[in-house]
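The model shown is predicted, which means the values in this text are computed figures rather than measured ones.
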Amino acid sequence: MADDGDGGLRTEGSGGRGGGGAGEPPAGAAAAAGGEMLLNVGLLVLALLAAYRLYLRWGARSGAGGAARQSQAAALPRMKRRDFSLEQLREFDGARNPRILLAVNGKVFDVTKGSKFYGPEGPYGIFAGRDASRGLATFCLDKDALRDEYDDLSDLNAVQMESVREWEMQFKEKYDYVGRLLKPGEEPSEYTDEEDTKDHTKQE
């Protein structure tokens, strides 16, 4: 009986200690959960800070000016069909002229309605008034992707040329096709009013 009692006491004692031990893991788990929560809050704060910095860089910069450009772009009449030399294309960079054009795979598109992207302060503004083919094919957003002379893209590989064609199709779906980018010495086409209302897709 005494042994049983001692055993019982020992059992209770160990049970009590065990109870204390059982109580410790939840406390440890709570501490771990608290640490994880702090980590998540810290990551959230960093993400919000990064988003705010991006807003300051692009959003605020193009805020009132961007809205004004969008309004100005909406007021512009649809451009008549015509072809462009590189020199003529450069006039339409959104700075010297409110209309923004760029060329992809020999075709010129009016991207004025996307001025927040292709305008002077937009992330792709470097392509405004230029042939964007090489930059889009090589995912390069700096001046190395631009050529001051006509670029026949002959040094691009098959994958890069396929990328250029895919970009061309995307621009055709989203923006107005205006005309062709002329090769050196090439004469511009004479477009009729009927041709002016539909895409001129012939690439010479």
Side-chain angles (χ1 to χ4, degrees), residues 55-153 164-204:
Y55 168 76
L56 288 179
R57 183 175 180 184
W58 299 115
R61 186 190 299 177
S62 60
R69 280 193 299 273
Q70 289 285 350
S71 176
Q72 190 177 29
L76 289 174
R78 182 167 180 169
M79 194 170 195
K80 282 188 170 291
R81 185 65 49 83
R82 56 168 286 195
D83 298 335
F84 298 82
S85 66
L86 275 176
E87 291 73 20
Q88 292 169 332
L89 183 63
R90 285 181 194 143
E91 297 174 13
F92 299 91
D93 60 359
R96 288 171 284 184
N97 188 310
R99 194 181 299 274
I100 305 171
L101 306 181
L102 61 76
V104 181
N105 201 25
K107 295 181 175 63
V108 178
F109 297 93
D110 185 343
V111 298
T112 309
K113 64 182 181 181
S115 60
K116 64 180 178 180
F117 299 109
Y118 300 103
E121 297 169 350
Y124 306 107
I126 192 171
F127 295 143
R130 306 297 294 259
D131 181 359
S133 305
R134 182 173 295 274
L136 294 172
T138 58
F139 305 103
C140 181
L141 297 178
D142 58 40
K143 292 183 178 180
D144 291 339
L146 303 176
R147 296 287 186 270
D148 291 327
E149 298 178 353
Y150 184 85
D151 188 357
D152 63 8
L153 308 175
V164 170
R165 286 187 284 270
E166 288 175 1
W167 278 108
E168 176 192 339
M169 293 305 297
Q170 290 185 40
F171 276 91
K172 282 186 70 174
E173 290 174 6
K174 190 168 184 179
Y175 299 108
D176 289 338
Y177 168 73
V178 179
R180 294 177 303 126
L181 180 63
L182 298 172
K183 301 173 183 176
E186 187 177 12
E187 293 295 323
S189 299
E190 294 286 340
Y191 295 104
T192 64
D193 290 339
E194 182 180 352
E195 287 177 312
D196 193 38
T197 62
K198 64 181 181 179
D199 286 345
H200 179 74
T201 57
K202 182 179 179 182
Q203 178 71 37
E204 296 179 359

Under 3.5 Å: donor-acceptor pair, side chain of [X], backbone of [Y]:
X    : Y    : value
D83  : G179 : no
R81  : V178 : yes
K183 : G106 : no

Checklist entry - Taking only residues two or more places apart in sequence or in another chain, which ones pass side-chain hydrogen bond (donor to acceptor under 3.5 Å, both in side chains) with D152? => result S154
Check [X] against [Y] and note the closest heavy-atom contact, atom names and distance.
X    : Y    : value
P120 : G94  : CG-O, 3.7 Å
L182 : S85  : CD1-N, 4.2 Å
C140 : A145 : O-CB, 3.6 Å

Checklist entry - Any chance CD of E87 has more than 12 other-residue heavy atoms, nucleotides or ligands included, within less than 6.0 Å? => result yes
Looking at residues at least two apart in the chain, or sitting in another chain, which of them share a side-chain contact (heavy atoms from CB on, under 4.5 Å) with [X]?
X    : result
L89  : F84, L101, A103, V108, L181
D93  : A95, R96, A128
A132 : L102, F127, L136

About how many Å separate [atom2] of [Y] and [atom1] of [X], when rounded to the nearest 0.5 Å?
X    : Y    : atom1 : atom2 : result
N105 : R165 : CG    : CZ    : 7.0 Å
I126 : L141 : CD1   : CG    : 7.5 Å
R180 : E186 : CZ    : CD    : 4.5 Å
E173 : E168 : CD    : CD    : 11.0 Å
K174 : K113 : NZ    : NZ    : 8.0 Å

Item to check | Identified side-chain contact (heavy atoms from CB on, under 4.5 Å) partner of L76 from the options I100, N97, T112 | outcome: T112
Item to check | Residue pairs passing the side chain to side chain donor-acceptor pair (under 3.5 Å) test where at least one lies in residues 124-142, sequence neighbours excluded | outcome: R130-D148, D131-S133, R134-D151, R134-D155
Checklist entry - Between Y118 and F171, how do the two ring planes meet: parallel, tilted or perpendicular, split at 30° and 60°? => result tilted
Item to check | From CA spacing to verdict: side-chain contact (heavy atoms from CB on, under 4.5 Å), D176, M79 | outcome: CA-CA 9 Å; D176 289 338; M79 194 170 195; over 6 Å; no
Checklist outcome for this item: Taken in chain and number order and not counting sequence neighbours, the residues that satisfy salt bridge (charged side-chain N to carboxylate O under 4.0 Å, His left out) with R147 are none
